[in-house]
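Please read all numbers here as calculations on a predicted model, not as lab measurements. Below, each value reflects all heavy atoms present in this structure, side chains not excepted, and no hydrogens, waters or symmetry copies. Proteins get letters first, then strands, A, B, ... in listed order; numbering begins at 1 in each.
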Number of protein chains: 2
Amino acid sequence: MNIGAASRRSALPAKTIRYYEEIGLLRPARAENGYRDYCDADIHRLKFLQRARGLGFSVEECRQLLSLYGDSHRASADVKALAATKLDQIEHKIAELRSLKKTLTHLVKTCHGDARPDCPILDELSGASA
Amino acid sequence: MNIGAASRRSALPAKTIRYYEEIGLLRPARAENGYRDYCDADIHRLKFLQRARGLGFSVEECRQLLSLYGDSHRASADVKALAATKLDQIEHKIAELRSLKKTLTHLVKTCHGDARPDCPILDELSGASA
DNA sequence: TGTTGATCTTCCAGTAACTGGAAGGATTAG
DNA sequence: CTAATCCTTCCAGTTACTGGAAGATCAACA
C-alpha cells in the first residue's frame with residue numbers, strides 16, 4: 001500500500017507519516033520502485049499514533065506507548081500510570097484556561113467597545129490597576 | 001537599567017527580553033559600554049508583554065495590542081474584538097480538553113492497572129473496539 | 001593592583017511536531 | 001503520447017523561546 005492510501009486509512013497527512021518514519025516510529029518496507037509500502041501492521045501502528053496524539057500524548061509518550069504495546073510482557077499498570085499522569089496535566093491545563101477565561105471575560109465585559117480611546121483591557125495589560 | 005534588572009522587574013528571562021528586541025517588540029537604548037539600557041517605558045512595555053502572553057495572546061497578537069496601545073486614536077472596539085476572539089479560542093480549547101479528559105478518565109477507570117498484560121487503554125488505542 | 005565572579009555581549013544551534021515547497025522520477029487514465 | 005496525479009528527497013520555515021560557547025565588562029575585595 002502506498003503512502004497516499006496509508007494516509008487515507010490512518011487519517012494522517014502523508015507528510016506526517018514520513019516524519020514519523022524519520023523519527024523512528026515505524027519502518028515500512030520499500031517497493032521496487034522506491035515507494036514506501038505499508039502493510040496492515042504499519043496501518044495499525046499509524047492509527048494507534050493518530051488516536052494517541054489526538055488524546056494529547058506527545059510523540060515521545062506515543063513512542064513509550066508503542067513499545068509497551070509491542071511488549072506482551074508489559075503490565076497494564078505501566079500504561080495506566082502514563083495515562084493518569086497525562087490526565088493530571090490535562091486537568092491542570094483546563095484549570096489554567098478557566099482562570100484565563102475568567103480574566104478575559106471580565107475585561108471584555110467592562111470594555112465599552114466603542115470608538116472612545118480609553119479601554120479597560122489595555123489599562124489592565126499596562127498595569128494601570130496593579 | 002541593565003537587562004538583569006529589567007528581567008527582575010518584568011518577570012521575563014533576559015533571553016526572552018533579547019528575543020523580543022530581536023523580533024522588534026522594543027528598542028532599548030545602549031549604554032556606552034554596549035550594554036542595553038532600559039528606561040521606564042521599556043519596562044512598562046515588557047510588563048505589558050509579560051501579562052498579555054500570560055493571558056494567552058500570541059506574540060503577534062501582543063504586537064497588535066502594543067500598537068493599539070501606543071495609538072491614542074485607536075478605538076477600544078479594536079481591542080475588545082481581539083480579546084473576544086481570543087476568548088472564543090480559549091473556550092474551544094477548554095471544550096476539547098474536557099472531551100479528552102472524559103475519554104482518558106474512562107480508560108484509566110476501566111484499566112485494572114496490575115501486572116496482567118491486557119489493558120483497555122492500549123486496546124482502545126489500537127482500535128480493538130473501533 | 002590583581003583577580004575572582006557575576007553580568008553583559010553576540011552568535012549558533014536546538015526544541016516540538018510538523019508543514020510547505022522545489023525538483024525530479026513513476027504511474028495511471030484517456 | 002501526454003497530462004495529471006503520486007511518489008521520492010531535501011531544504012527551509014513555523015512558534016516562542018532556551019541553552020551554551022566565547023569573549024568583554026564591571027564591581028568587590030585583599
At under 4.0 Å between heavy atoms, how does the protein contact nucleotides 14-23 of chain D? Give one character per nucleotide, 5' to 3', with B, S or -.
--BBSBB---
Once each nucleotide of nucleotides 25-30 of chain C is scored for protein heavy atoms under 4.0 Å, what B/S/- sequence comes out, 5' to 3'?
BBS---
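We find that CD of A:Glu22 is positioned 15 Å from C1' of C:dT15, with the value rounded to whole Å. Atom CG in B:Asp37 sits roughly 10 Å away from atom P in C:dT9 (whole-Å rounding). When the P atom of D:dC6 is taken as reference, atom CZ of A:Arg8 falls 7 Å away, rounded to whole Å. Nucleotide C:dA16 holds its C1' atom 13 Å from the CG atom of A:Leu25, rounded to whole Å. One atom, CD1 of B:Ile17, and another, C1' of C:dT7, lie 14 Å apart when rounded to the nearest Å.
Annotation: side chain to side chain contact (heavy atoms under 4.5 Å, CB included) contacts of A:Arg30 (sequence neighbours excluded): A:Glu21, A:Arg36. B:Asn2 meets the side chain to side chain contact (heavy atoms under 4.5 Å, CB included) test with B:Tyr35; sequence neighbours excluded. For A:Arg98, the side chain to side chain contact (heavy atoms under 4.5 Å, CB included) criterion is met by A:Ile94, B:Ile94, B:Arg98, not counting sequence neighbours. Partners of B:Arg63 according to the side-chain hydrogen bond (donor to acceptor under 3.5 Å, both in side chains) rule, which considers only residues two or more places apart in sequence or in another chain, are B:Glu60. Taking the side chain to side chain contact (heavy atoms under 4.5 Å, CB included) definition, one finds that B:Ala5 meets it with B:Met1, B:Arg8, sequence neighbours left out.
Nearest heavy-atom pair across B:Leu46 and B:Ala6 is CD1-CB, 4.3 Å. Of all non-hydrogen atoms in B:Cys62 and B:Ala52, the two that sit nearest each other are SG-CB, 3.6 Å.
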Ignoring hydrogens and angles, write down the donor-acceptor pairs under 3.5 Å from the side chains of residues 81-88 of chain A, residues two or more places apart or on other chains.
| from | atom 1 | to | atom 2 | distance (Å) |
| --- | --- | --- | --- | --- |
| A:Thr85 | OG1 | A:Ala81 | O | 3.0 |
| A:Lys86 | NZ | A:Gly56 | O | 3.3 |
| A:Lys86 | NZ | A:Glu61 | OE1 | 3.0 |
| A:Lys86 | NZ | A:Glu61 | OE2 | 3.3 |
| A:Lys86 | NZ | A:Gln89 | OE1 | 2.8 |

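Residue-level contact check: B:Ile23 touches neither bases nor backbone, having no heavy atom under 4.0 Å from any strand. Among the atoms of the strands shown, only primed sugar atoms or phosphate atoms (P, OP1, OP2) are found under 4.0 Å from some heavy atom of A:Arg36.
Residues B:Leu25 and B:Val59 form a side-chain contact, since some pair of their non-hydrogen atoms from C-beta on lies under 4.5 Å apart.
Residue A:Arg18 places none of its side-chain N or O atoms closer than 4.0 Å to OP1 or OP2 of C:dA17.
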